[in-house]
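The structure appears below as structure tokens.
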Amino acid sequence: MIQRRNAIGLAVATATGLTLPSMAQAAQSNAAAAGGAPPRVLRYAFPVAESGFDPAQISDTYSRTVTAHIFEALYGYDHLARPARIVPLVADGMPEVSEDFRTWTFKLRPGIFFADDPAFKGKPRELVAADFVFAFKRFADPAVKSPLWASVENWKMPGLAELRQESVHRKTPFDYDRAIEGLRVLGRHAFQVKLEEPRPRFIESMAVSDLFGAVAREVVAAYGDKIAEHPVGTGPFRLTTWRRSSLIVLERNPSYRERLWQCEPAPGDAAGQAIAERLRGRRLPLLDRVEISIIEEVQPRWLSFLNKQHDYIDRLPNEFMQVGMPGGRVAPNLAKQGIRGAITLASDITFTYFNMDDPVVGGLAPHQVALRRAIGLGVDLDREIRLVRRGMAIPAQSPVMPHLSGYDPAFKSEMSEYNPARAKALLEVHGYVDRDGDGWRELPDGKPLRLEIATQPDGLSRQLNELWQKNMHALGLRVVFKTAKWPENLKAGRAGKLQIWALASGASGGDGQGMITRYFGPQSGNQNIARFKLPAMDAIHDRMTVLPNGPDRDALFAQAKKLAVAYMPYKLHTHRLYADLMHAELQGWRRPLYWNEWWHFVDMQPVPQG
């Protein structure tokens with residue numbers, strides 16, 4: 001077990017299982033590269049441990065934040081543009097798209113290279129079209145066991161699912177060399193994607209560097225089942241130190257192409273214009289190194305920031321809002337030190353899911369739906385927001401998050417309603433009564449009713465558990481909590497072994513359909529962790545997928561929201577407000593709306609004293 005004081009400290013020389021340069025050597029080389037100036041280092045902490053760095057095998061935010069800076073997709077987002085704007089990254093311009101949105105042709109910029117790695121045997125390795133085709137096929141390889149396969153399968157590239165099924169049925173290795181209609185290399189720097197159905201917003205999937213960046217086949221072959229420890233991409237940083245659940249260090253990729261800081265904030269965006277004026281034209285990345293500690297407990301994370309062991313605190317813990325940003329403003333004593341802060345309504349959602357395969361809380365029968373809706377009505381969201389989240393959230397009315405298509409701030413629903421009397425009436429009408437007088441309701445068939453809620457051993461989870469217990473006891477519902485680490489709960493949840501679990505989700509693109517996908521039957525066990533299956537919702541999802549943005553698609557969003565509220569496989573809680581604090585040295589920061597890469601756009605500059 002890593003001691004907390006070590007987790008806060010600076011990087012160590014070598015990560016277990018990796019052969020890496022020492023931190024002293026790295027510092028010397030970076031200083032030399034900068035003409036003797038000290039390296040520019042960003043230090044902060046993740047509150048949750050990473051799971052690994054193979055894009056095809058990860059789904060958690062923290063691992064994806066790292067891979068977003070190592071790998072590069074075809075496109076990215078302008079760091080400062082609001083509303084968000086997609087821009088070419090390694091692509092040579094925007095794609096050629098057929099009128100029916102089924103054929104997408106992409107061209108790559110020549111002369112882009114992967115970071116140096118022993119897998120390339122000392123030779124520079126240029127990025128080619130086949131690297132993207134290989135990367136996409138990896139999601140279909142049964143041996144990879146990608147949690148994102150269902151999402152890639154839903155792109156419906158002709159031949160890809162069949163190639164996977166052949167490997168499964170014959171129990172043979174996945175044939176990466178087999179040409180398929182849906183993925184065709186057209187030349188060294190061009191490839192084509194064909195889709196069975198129109199995908200008007202397919203470019204958004206091609207702007208997700210953390211998952212859909214290019215991967216070199218030689219690297220996967222060289223490292224085998226250790227590939228999660230050896231991420232090699234074309235991005236601005238490379239992994240140099242990794243101590244699992246303790247420390248992650250990335251350094252400037254010496255092979256990174258000449259790419260200049262070029263962002264375009266809106267004309268009326270004074271803060272964005274000031275950042276652009278200061279940084280425009282400088283070569284990326286601006287930083288030499290990024291050091292990430294894993295500090296799960298909120299107090300050590302806060303103290304490490306106050307003591308300047310960290311330069312930035314990502315999402316200030318709610319417990320410290322009153323001392324850090326009372327009333328939404330940086331506390332005077334911190335402002336005197338040059339500390340700045342910002343509050344952002346995030347493109348995220350917190351929710352509790354019910355396992356729809358569970359005989360107690362699942363099912364579509366009227367009494368089963370009534371139980372979930374009663375539980376939802378018994379959750380005091382106002383108290384959760386005021387006391388647990390310290391006012392740093394707004395109630396979620398639908399699955400669609402702020403800043404996304406389909407989000408309507410005027411939409412109101414039962415999701416935000418706290419009505420214990422109505423909840424009790426629902427339970428009584430549908431046979432959930434206390435037959436033996438012990439104070440707890442039984443199932444309609446008279447069997448014991450017990451809600452098992454999975455949780456984690458952190459402070460926020462404990463506070464939320466206390467509120468859940470109080471709310472459910474008020475309804476006469478017995479609750480027990482099963483505690484495990486977050487990665488263990490995620491594994492069990494995907495396998496359908498948890499009854500109830502609370503999660504949060506952030507958007508990876510500007511289309512609100514991503515959260516409707518959580519209700520899509522074919523995604524059961526993946527994005528649809530609740531395993532909800534309703535033909536009417538599936539039909540809506542299929543229709544939304546092929547329609548361009550407009551009134552007809554907006555009407556489908558409205559229908560999907562109503563079904564989500566009526567059947568309640570997820571009790572939606574909040575959209576969070578994120579408070580971020582940073583020391584004066586951190587320049588150029590702006591919280592992304594729904595993408596994970598930003599380290600290469602910021603700088604750490606010495607602040608004049610006196």
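Keep in mind it's a predicted model, so treat the numbers as computed, not measured. Heads up: numbering here begins at 1 and tracks the sequence.
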Any sub-3.5 Å donor-acceptor pair from [X]'s side-chain atoms to [Y]'s backbone N or O?
X    : Y    : answer
K561 : G406 : yes
K571 : F351 : no
D100 : P198 : no
E442 : R435 : yes
N471 : D380 : yes

Heavy-atom pair of closest approach, residues [X] and [Y]:
X    : Y    : answer
I295 : R301 : O-NH1, 2.8 Å
N489 : A454 : OD1-CB, 3.9 Å
L345 : I394 : CD1-CD1, 4.0 Å
I516 : A560 : CD1-CB, 3.8 Å

When rounded to the nearest 0.5 angstrom, what is the spacing between [atom1] in [X] and [atom2] in [Y]?
X    : Y    : atom1 : atom2 : value
E162 : M157 : CD    : CE    : 12.5 Å
D408 : D554 : CG    : CG    : 9.0 Å
R389 : T574 : CZ    : OG1   : 4.0 Å
T455 : L460 : OG1   : CG    : 9.0 Å
F557 : M544 : CZ    : CE    : 3.5 Å
H403 : L593 : NE2   : CG    : 5.5 Å

N-O pairing of [X] and [Y] below 4.0 Å:
X    : Y    : answer
D511 : R553 : yes
R178 : E166 : yes
K497 : E488 : no
R170 : D175 : no

Whether the [X] and [Y] side chains hold a donor-acceptor pair (N or O, under 3.5 Å, no angle test) is what I'd like checked.
X    : Y    : answer
R199 : S205 : no
Q456 : W501 : yes
D210 : T67  : no

- Task: Taking side chain to side chain donor-acceptor pair (under 3.5 Å) as the test, write out the residues that go with R450, two or more places apart.
- Result: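 Listed in chain order: E452.
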- side chain to side chain donor-acceptor pair (under 3.5 Å) involving H541 - partner list, sequence neighbours excluded: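 Residues passing side chain to side chain donor-acceptor pair (under 3.5 Å) with H541: Q513, T517.
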- Is there a side chain to side chain contact (heavy atoms under 4.5 Å, CB included) between V215 and F71 once you walk through the steps? CA-CA 8 Å; V215 176; F71 298 92; 4.1 Å; yes
- Item | side chain to side chain contact (heavy atoms under 4.5 Å, CB included) between V360 and F354, worked out | CA-CA 10 Å; V360 175; F354 302 97; over 6 Å; no
Do [X] and [Y] have side chains that approach each other closer than 4.5 Å (heavy atoms only, starting at C-beta)?
X    : Y    : answer
E229 : Y223 : no
T103 : K194 : yes
M537 : Y567 : no
I453 : T352 : no
Y578 : D348 : yes
Y407 : Q397 : no
V66  : F46  : yes
Y594 : L404 : yes

Distance-only criterion, 3.5 Å: show the donor-acceptor pairs between side-chain atoms of residues 50-60 and protein atoms not counting sequence neighbours.
| from | atom 1 | to | atom 2 | distance (Å) |
| --- | --- | --- | --- | --- |
| E50 | OE2 | W242 | NE1 | 2.8 |
| E50 | OE2 | S245 | N | 2.8 |
| S51 | OG | D60 | OD1 | 2.6 |
| S51 | OG | S63 | OG | 3.1 |
| D54 | OD1 | A56 | N | 3.3 |
| D54 | OD1 | R138 | NH1 | 2.7 |
| D54 | OD2 | Q57 | NE2 | 2.5 |
| D54 | OD2 | R138 | NH1 | 3.4 |
| D54 | OD2 | R138 | NH2 | 2.9 |
| S59 | OG | R494 | NH2 | 3.2 |
| D60 | OD1 | S63 | OG | 3.1 |
| D60 | OD2 | S63 | N | 2.9 |
| D60 | OD2 | S63 | OG | 2.9 |

[X] and [Y]: aromatic ring centres closer than 6.0 Å?
X    : Y    : result
F212 : W155 : yes
H69  : W598 : no
Y176 : F134 : yes

- Message: salt bridge (charged side-chain N to carboxylate O under 4.0 Å, His left out), that's the test. Do E428 and R441 meet it? Break it down for me.
- Response: CA-CA 9 Å; E428 294 285 341; R441 298 178 186 272; 2.9 Å; yes
- More than 12 heavy atoms of other residues, nucleotides or ligands under 6.0 Å from NZ of K533: is that the case?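 Atom NZ in K533 is packed in, count exceeds 12.
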- So with a 6.0 Å cut-off around CZ of R102, is the heavy-atom count from everything else above 12?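 Check passes, neighbour count above 12.
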- Task: Let me see the working for D177 and R217 under salt bridge (charged side-chain N to carboxylate O under 4.0 Å, His left out), right down to the final yes or no.
- Result: CA-CA 11 Å; D177 296 316; R217 189 167 180 174; 2.8 Å; yes
Would you tabulate the side-chain donor-acceptor contacts of residues 519-528 under 3.5 Å, counting partners in other chains and residues two or more places apart, or write 'none'?
| from | atom 1 | to | atom 2 | distance (Å) |
| --- | --- | --- | --- | --- |
| Q523 | OE1 | Q527 | N | 3.4 |
| Q523 | NE2 | A150 | O | 3.3 |
| Q523 | NE2 | S151 | OG | 3.4 |
| S524 | OG | G521 | O | 2.7 |
| Q527 | OE1 | S151 | OG | 2.8 |
| N528 | OD1 | R531 | N | 3.1 |
| N528 | OD1 | F532 | N | 3.1 |
| N528 | OD1 | Y570 | OH | 3.2 |
| N528 | ND2 | F520 | O | 3.0 |
| N528 | ND2 | F532 | O | 2.8 |

- Residue pairs, two or more places apart or on separate chains, that pass side-chain hydrogen bond (donor to acceptor under 3.5 Å, both in side chains) and touch residues 364-373: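 Sorted result for residues 364-373: R373-E414.
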- Which is it for L572 and V565 under the side chain to side chain contact (heavy atoms under 4.5 Å, CB included) test, yes or no, and what are the steps along the way? CA-CA 9 Å; L572 308 176; V565 174; over 6 Å; no
- Task: Evaluate side chain to side chain contact (heavy atoms under 4.5 Å, CB included) for R315 paired with R576, printing each intermediate quantity in order.
- Result: CA-CA 10 Å; R315 288 178 287 180; R576 290 176 292 187; 4.1 Å; yes
- Query: Y418: what forms a ring pair (Phe, Tyr, Trp, His ring centres under 6.0 Å) with it, not counting sequence neighbours?
  - Reply: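 By the ring pair (Phe, Tyr, Trp, His ring centres under 6.0 Å) rule, Y418 matches no residue at all.
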